[in-house]
Enquirer: 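Structure incoming, see below.
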2 protein chains.
Amino acid sequence: MIKIAENTIKRLIVYKKELNRLKAEGKKFIYSHVLAALSGSQPHLVRRDLMAVGYSGSPAHGYSVKELESSISDFLCSSRQVKVILIGIGNLGRAIIDYCHKQNPKIAISSAFDIDPNKINKEYHGVYCFHIDTARNYVIENEIKVAIITVPDSEAQTIATALSDAGIRGILNFTPGRLRVPENVYVENADMMLYLEKVIYFVQNV
Amino acid sequence: MIKIAENTIKRLIVYKKELNRLKAEGKKFIYSHVLAALSGSQPHLVRRDLMAVGYSGSPAHGYSVKELESSISDFLCSSRQVKVILIGIGNLGRAIIDYCHKQNPKIAISSAFDIDPNKINKEYHGVYCFHIDTARNYVIENEIKVAIITVPDSEAQTIATALSDAGIRGILNFTPGRLRVPENVYVENADMMLYLEKVIYFVQNV
DNA sequence: ATCACGCTGTGAAAATAATCACATATTATT
DNA sequence: AATAATATGTGATTATTTTCACAGCGTGAT
């Protein structure tokens, strides 16, 4: 497989999101410069990025919204549906369940896990919560590949290790600490404080 | 001012976080290769990034943890303390207030705003919540420069426009939509669904 | 006092990413 | 049917970012 730049992936995900919106609005075709404007990108870059996807538009109408959306969607994620688990039913965990629920039908949070007995055996926006100790088996039995970690900092490494042992392949980590995981586990750190610091930097310095 | 790459900024923020942890652990000195390992970076890149900050280490001991932390901190954010407001007391808003509270003493969420009467005039982790219509005046009177938006999608653009008019300079947007704001307002989009899609891509394709 | 070691700081090189520029294609118009 | 207008797709170019490589320095050992 040809190597695709990480930035290209990030932009493709944004294009896809915009295309979905356009599709819902009933728009049929879109030009690279319009998609660029909607996505905070550049027309040249949109076309360059789409080379990776392999979808071709028409000089007359631009890209078919529906076809391009489905091409990018297939490129980014070949499976029909991806099952994800979430560890840690705090405010953040609940926000994510709610959000995912309405946002992307291709991604389903199939179960949640927590250590607090008050949270276990309840449903949150349709997602059932089990005891955290059962997560390991759940991952094995259901061949879960991706987990979202929204537990308190102190628990993060323990659960990351357990999940890695059970065969998880990707973690979205909302914890501020850096997780030590095997080489073959991809970790994306989403430390919200860091985003805030970035905003503050650009406000003060640009 | 010399232009600093956005990636450099992101890494510096991570270095700072790690240095803070090391400081708390009582570590006095650190080498570039250790800091790199802790931050998911490379020794060369650490040294290159630190050129922007202008702090010099010693070949014998590496960098003084305390001094380097404070140099990066000053570089990223010169003010003693930054006041930030948060719009939208949902699960996500509460999670952020809680998190910010314990994470970074230099950044303070000075007030929160919501439209729901049940949430107004209450405190959340010590942050008082006002009616959303008062946000505009609050920004003007307190010279607030940075806002966090965690309202439902449909409200985001309205509040972003109001805040921009009131003189906000940076927005951390947790809403999936792209905000239209004046040129001089910096927007950082933190769409959690996008991070999740990124993880899924790398799990399936790398 | 001298030497060896291992680090930092940085110019230079390599790799990567973004932009340009234009040949090509498609449609609407005359 | 020919022409004009406009957008795509991509080789070439430029800009940016990362990595390399090594001089120079400070420390501890001999």
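All values derive from a computational prediction rather than experimental measurement. Reminder, nothing fancy here: chain letters follow the sequence lines and each chain counts from 1.
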Enquirer: How many whole angstroms separate atom NE2 of B/His44 from atom P of C/dG11?
Expert: 15 Å
Enquirer: Which nucleotide wins on minimum distance to the side chain of A/Ala60, given the candidates D/dT18, C/dT26, C/dC20?
Expert: C/dT26
Enquirer: On the nucleotide D/dT18, are OP1 or OP2 found under 4.0 Å from the side-chain N or O atoms that B/Asn7 carries?
Expert: yes
Enquirer: For A/Arg47 and D/dG9, is the shortest distance between a side-chain N/O and OP1 or OP2 below 4.0 Å?
Expert: no
Enquirer: What nucleotide, of D/dG26, D/dT19, C/dT19, holds the atom closest to the side chain of A/Gln42?
Expert: C/dT19
Enquirer: Could you state the atom-to-atom distance from CD1 of A/Ile4 to C1' of C/dT16 in whole Å?
Expert: 13 Å
Enquirer: Send over the distance from A/Met51 CE to C/dT19 P, rounded to a whole Å.
Expert: 16 Å
Enquirer: Counting only heavy atoms not in B/Glu143, do more than 12 sit closer than 6.0 Å to its CD atom?
Expert: no
Enquirer: Starting at the 5' end of DNA chain C, which residue's closest nucleotide do you reach first, A/Arg11 or A/Pro59?
Expert: A/Arg11
Enquirer: Quick one: B/Lys10 NZ to D/dT17 P, roughly how many Å, whole number?
Expert: 12 Å
Enquirer: Specify the separation, in whole Å, of atom OH of B/Tyr55 and atom P of C/dG9.
Expert: 9 Å
Enquirer: Using a cut-off of 6.0 Å, state whether more than 12 heavy atoms not belonging to A/Lys102 lie near its atom NZ.
Expert: no
Enquirer: Take A/Glu155 and A/Ile132 through the side-chain contact (heavy atoms from CB on, under 4.5 Å) test and state the conclusion after the steps.
Expert: CA-CA 11 Å; A/Glu155 313 300 326; A/Ile132 200 167; 5.9 Å; no
Enquirer: Starting from C1' on D/dT8, measure out to CG on A/Asp49 and report it in whole angstrom.
Expert: 15 Å
Enquirer: If you compare every side-chain N and O of A/Tyr31 against the phosphate oxygens of C/dT26 (OP1, OP2), does one of them come in below 4.0 Å?
Expert: no
Enquirer: Which listed nucleotide (C/dC20, D/dA7, D/dT27) is nearest to the side chain of A/His33?
Expert: D/dA7
Enquirer: Counting just side-chain N and O atoms, does B/Ser56 come under 4.0 Å of either OP1 or OP2 of C/dG9?
Expert: yes
Enquirer: Look at A/Arg21 together with A/Glu18 and state whether they make a salt bridge at an N to O cut-off of under 4.0 Å.
Expert: yes
Enquirer: Distance check needed: C/dA15 C1' versus A/Lys3 NZ, whole Å only.
Expert: 10 Å
Enquirer: Taking atom P of C/dA17 as reference, at what distance in whole Å does atom CD of A/Glu6 sit?
Expert: 10 Å
Enquirer: Would you tell me if any nitrogen or oxygen in the side chain of A/Arg48 comes within less than 4.0 Å of OP1 or OP2 on D/dA12?
Expert: no
Enquirer: Could you check whether A/Glu197 pairs with B/Lys17 (Lys NZ or Arg NE/NH1/NH2 to Asp/Glu carboxylate O, under 4.0 Å)?
Expert: no
Enquirer: Counting only side-chain nitrogens and oxygens, does A/Ser32 get under 4.0 Å of the OP1 or OP2 atom of D/dA7?
Expert: no
